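Inspection log for the structure reproduced underneath, given as structure tokens.
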Protein chains: 2
Amino acid sequence: MVRAGLSPERLTLAGAELADEAGFDQVTLSALARRFDVKVASLYSHLKNSQELKTRIALLALEELADQVAYAVAGRAGKDALMAFANAYRDYARAHPGRYEAARFRLDPQTAAASAGVRHAQMTRAILRGYNLTEPDQTHAVRMLGSVFHGYANLEAAGGFSHTDVASQESWVWTLDSLDAALRNRATP
Amino acid sequence: MVRAGLSPERLTLAGAELADEAGFDQVTLSALARRFDVKVASLYSHLKNSQELKTRIALLALEELADQVAYAVAGRAGKDALMAFANAYRDYARAHPGRYEAARFRLDPQTAAASAGVRHAQMTRAILRGYNLTEPDQTHAVRMLGSVFHGYANLEAAGGFSHTDVASQESWVWTLDSLDAALRNRATP
DNA sequence: TGCGTCTACCTAAACGCTGTAGGCAAATCG
DNA sequence: CGATTTGCCTACAGCGTTTAGGTAGACGCA
């Protein structure tokens, strides 16, 4: 009996790949076992249950996304930082649709608090520094930006923007321009 | 043997209620059969499969949502119409989280084209009349608004806005004010 | 090097949801 | 009132999850 060399990390990574290929809801322990040519029950030595697998994939995705965003916004400010943040976000969602879906997976509060999700919040606040917003406007802006980025990625992934000739890329730039203008409008002098 | 009096319509409605109570992903034929105190196989006389049930719930939700939005925006224009549209949308998502989730269910192109989804698109364009946008700006604006509304409803439903003291309602109004300003900025004189 | 322990992977089996085939009885219609 | 339709049934097969308990490879220690 040759051992397959499984580990929570390898399973998580394979699960993330599976999510990108087939969708996050297709990520099952059965499918994963098939991929490693192993019996399903064997996975329970490495993962408590399928919930843990999904949670781990979600955490991986949040981590990756936060890393990409952090790299993108480093050394930028104002509209430049806003665009970099937004593009990093959207690019990740397009390149890794399954992982992006996973990143939206509902985590229990403790897990969420210890996840890279907090880095996302911090970075969003960071790019707003260039717009001189005071509380509670800053919180409002964080929510607005989060809504737009997430909403756009979501609708785009669902194919909602493929019905007309207008390129999605142009609408994206137009939207970011509008947001930038709106935020500049809110600046306290 | 007393008959239960099932029908596709009753099953769809019960499925929508179940979705609101337990989440759209908890809507299964098994759960529905339990609710009607009937064997699962009996449902297959009324529905082709569980996919059809979900599709029907999605269509119901789209219809209801379009009706509410239509009622809300009737007789309004400009910012007034924008706010009414947005509030109708958000209110529906909050009052019927499961149905709202269902409304985002991926429909095949034919079904989508025959659904109330087209009314949504029409109404979004309608409220933009007050902002004097020319193509392709109008399409961009439709996408931006769709993203914000959907993104906000989604994040709010996920509990993403409950970590700070700032009330979600205030952020919502702030966001809509910003959008209105951004759109007025884009108007062709 | 050999022995004992640990553990990675296994078989077996229970449970829940989906879906199909075929049967019986209630509703309906001529 | 009899014939047909149809609503709900039982039975069963397939697939995913999860637990219990067994076997053999890996690893530590003398």
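Fair warning: this is a prediction, and the values are worked out from it, not measured in the lab. Below, read A as the first sequence line, B as the second, and so on, with proteins coming before strands; counting in each chain starts at 1. Basis for what follows: all heavy atoms, side chains included, without hydrogens, waters or symmetry-related copies.
Listed by residue number, the members of residues 29-60 of chain A with any heavy atom below 4.0 angstrom from DNA chain D are Leu29(A), Ser30(A), Arg34(A), Val40(A), Ala41(A), Tyr44(A), Asn49(A), Ser50(A).
Relative orientation of the Phe105(B) and Phe24(B) rings is perpendicular, given thresholds of 30° and 60° on the angle between their planes. Between His150(A) and Tyr100(A), the two ring planes are tilted [angle within 30° to 60°]. The aromatic rings of His96(B) and Tyr92(B) are tilted relative to each other, their planes meeting at an angle between 30° and 60°.
Looking at Thr111(B), its side chain never comes within 3.5 Å of a backbone N or O of Leu107(B) through a donor-acceptor pair. Between the side chain of Arg99(B) and the main chain of Ala19(B), no donor-acceptor pair closer than 3.5 Å is present.
Using a 4.5 Å heavy-atom threshold, the side chains of Glu156(B) and Arg90(B) count as touching. For the pair Met144(A) and Ser178(B), the minimum side-chain heavy-atom distance is below 4.5 Å.
Relative to the ring axis of Trp172(B), Arg143(A) does not place its NZ or CZ within 45° and under 6.0 Å from the centre.
Taking five base pairs at each end of the helix from dT1(C)-dA30(D) to dG30(C)-dC1(D) and finding the rotation axis that steps the C1' atoms of four pairs onto the next four gives two axes whose angle is 10°, to the nearest 10°.
One interatomic measurement links the two molecules: CG of Leu6(A) to P of dG25(D), which rounds to 17 Å at whole-angstrom precision.
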